[in-house]
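Computed from heavy atoms alone, side chains included, the values below leave out hydrogens, waters and symmetry copies. These numbers come from a predicted model, not from an experiment.
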Amino acid sequence: MAVAVVAALGILAYEPRRADPLADPLLELRLFRSVPFGSAVLTALFALCGFGVFLFVTTQYLQDVRGLSALATGLCLLPVGGVVLLLSPLTGRLVGTRGPRLPLVVAGTALALGGGVSLWLGPATPLPAVLATYLLFGVFLGTVNPPITNTAVSGMPRSMAGVAASLASAGRQTGTTLGVAVAGVHGVWWLVLGLGAGILVLALLSTGRRAQGTAVRAAALFEELDRHR
């Protein structure tokens with residue numbers, strides 16, 4: 001952990017001071033001048049952290065607390081995948097026609113509600129109520145991924161689209177890792193609720209006119225750099 005922190009700080013210190021400002025950097029920090037892009041990376045981090053917590057804790061709950069077999073536990077989680085399968089293409093179309101705000105608001109709300117309701121799950125909670133709670137996490141995951149990628153690359157020139165998408169993907173992977181790592185802390189469902197609220201706030205902040213203006217200016221910067229290369 002210490003080595004990772006030092007390495008990250010080293011990258012942040014070195015990249016802005018490169019001798020050749022036109023050379024391709026390892027990490028293009030100027031992307032974060034775009035509020036929608038920075039919010040997309042944070043949203044990816046929050047989203048997959050929350051889902052990582054859900055998968056890890058839920059598996060322990062169903063098997064160790066309720067005494068279900070591994071097969072029965074998998075079947076209990078199957079509706080989550082079904083909801084994701086159903087909602088993801090619909091969300092993609094909605095993002096294409098109306099933008100990312102509504103799907104992100106739905107996703108943040110669903111994750112916050114899922115974390116809040118999960119606080120009340122116990123050994124004797126009726127299984128239908130448990131499965132209904134899990135559907136909230138399916139709604140969350142089915143509506144959060146398409147707008148993350150769209151927001152990350154929207155308005156960026158082609159030369160930066162791959163970098164922007166890869167950083168959003170890195171946010172997802174980091175979030176999943178952190179989610180599993182913190183899954184054992186006390187009050188973890190409060191954390192999930194807070195992550196959902198964070199996604200909701202980012203959805204509102206990153207889709208306004210001012211935020212879109214920062215994305216336009218960042219794209220113009222990279223287009224200018226491309227012309228000088």
Quick check for you: to the nearest 0.5 Å, what is the distance between [X] atom [atom1] and [Y] atom [atom2]?
| X | Y | atom1 | atom2 | value |
| --- | --- | --- | --- | --- |
| D64 | T59 | CG | OG1 | 9.5 Å |
| I199 | L204 | CD1 | CG | 12.0 Å |
| L119 | L193 | CG | CG | 7.0 Å |
| T143 | L90 | OG1 | CG | 11.0 Å |
| L68 | T73 | CG | OG1 | 5.0 Å |

Check whether any side-chain N or O of [X] sits under 3.5 Å from a backbone N or O of [Y] as a donor-acceptor pair, and report yes or no.
| X | Y | answer |
| --- | --- | --- |
| S166 | V163 | yes |
| S34 | L31 | no |
| T43 | I148 | no |
| R66 | T125 | yes |
| Q212 | S206 | yes |
| T207 | A203 | yes |

Between [X] and [Y], is there a shared hydrophobic cluster once you connect ILVMFWY residues whose side-chain heavy atoms come closer than 4.5 Å?
| X | Y | value |
| --- | --- | --- |
| F137 | W190 | yes |
| L195 | L136 | no |
| V185 | L178 | yes |
| L77 | L113 | no |
| V106 | L202 | no |

Identify the heavy atoms of [X] and [Y] that sit nearest to each other, and give their distance.
| X | Y | result |
| --- | --- | --- |
| V139 | A110 | CG1-CB, 4.0 Å |
| A164 | V153 | CB-CG1, 4.2 Å |
| G179 | V53 | O-CG2, 3.3 Å |
| V83 | G138 | CG1-C, 3.5 Å |

Set out, in order, the CA-CA distance, both residues' side-chain angles and the distance that settles side-chain contact (heavy atoms from CB on, under 4.5 Å) for F51 and V192, then state yes or no. CA-CA 8 Å; F51 197 70; V192 173; over 6 Å; no
Is there side-chain contact between [X] and [Y], with at least one heavy-atom pair below 4.5 Å?
| X | Y | value |
| --- | --- | --- |
| S88 | N145 | no |
| S118 | T133 | yes |
| P147 | T91 | yes |
| R33 | L221 | yes |
| C49 | T176 | no |
| T214 | P36 | yes |

Applying side-chain contact (heavy atoms from CB on, under 4.5 Å) to C76 and V130, what does each step give before you reach the verdict? CA-CA 9 Å; C76 288; V130 174; over 6 Å; no
Pick from Y61, F140, F54: which one makes a ring-ring contact (aromatic ring centres under 6.0 Å, His included) with Y134?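 With Y134 as partner, Y61, F140, F54 yield a single ring-ring contact (aromatic ring centres under 6.0 Å, His included), made by F54.
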Kindly say whether the aromatic ring centers of F37 and F32 come within a distance under 6.0 Å. yes
Under the criterion side-chain contact (heavy atoms from CB on, under 4.5 Å), which of T109, L111, L205 is the partner of L200?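 Between L200 and the candidates, side-chain contact (heavy atoms from CB on, under 4.5 Å) is satisfied uniquely by T109.
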Does a donor on one side chain and an acceptor on the other come within less than 3.5 Å for T149 and R172? yes
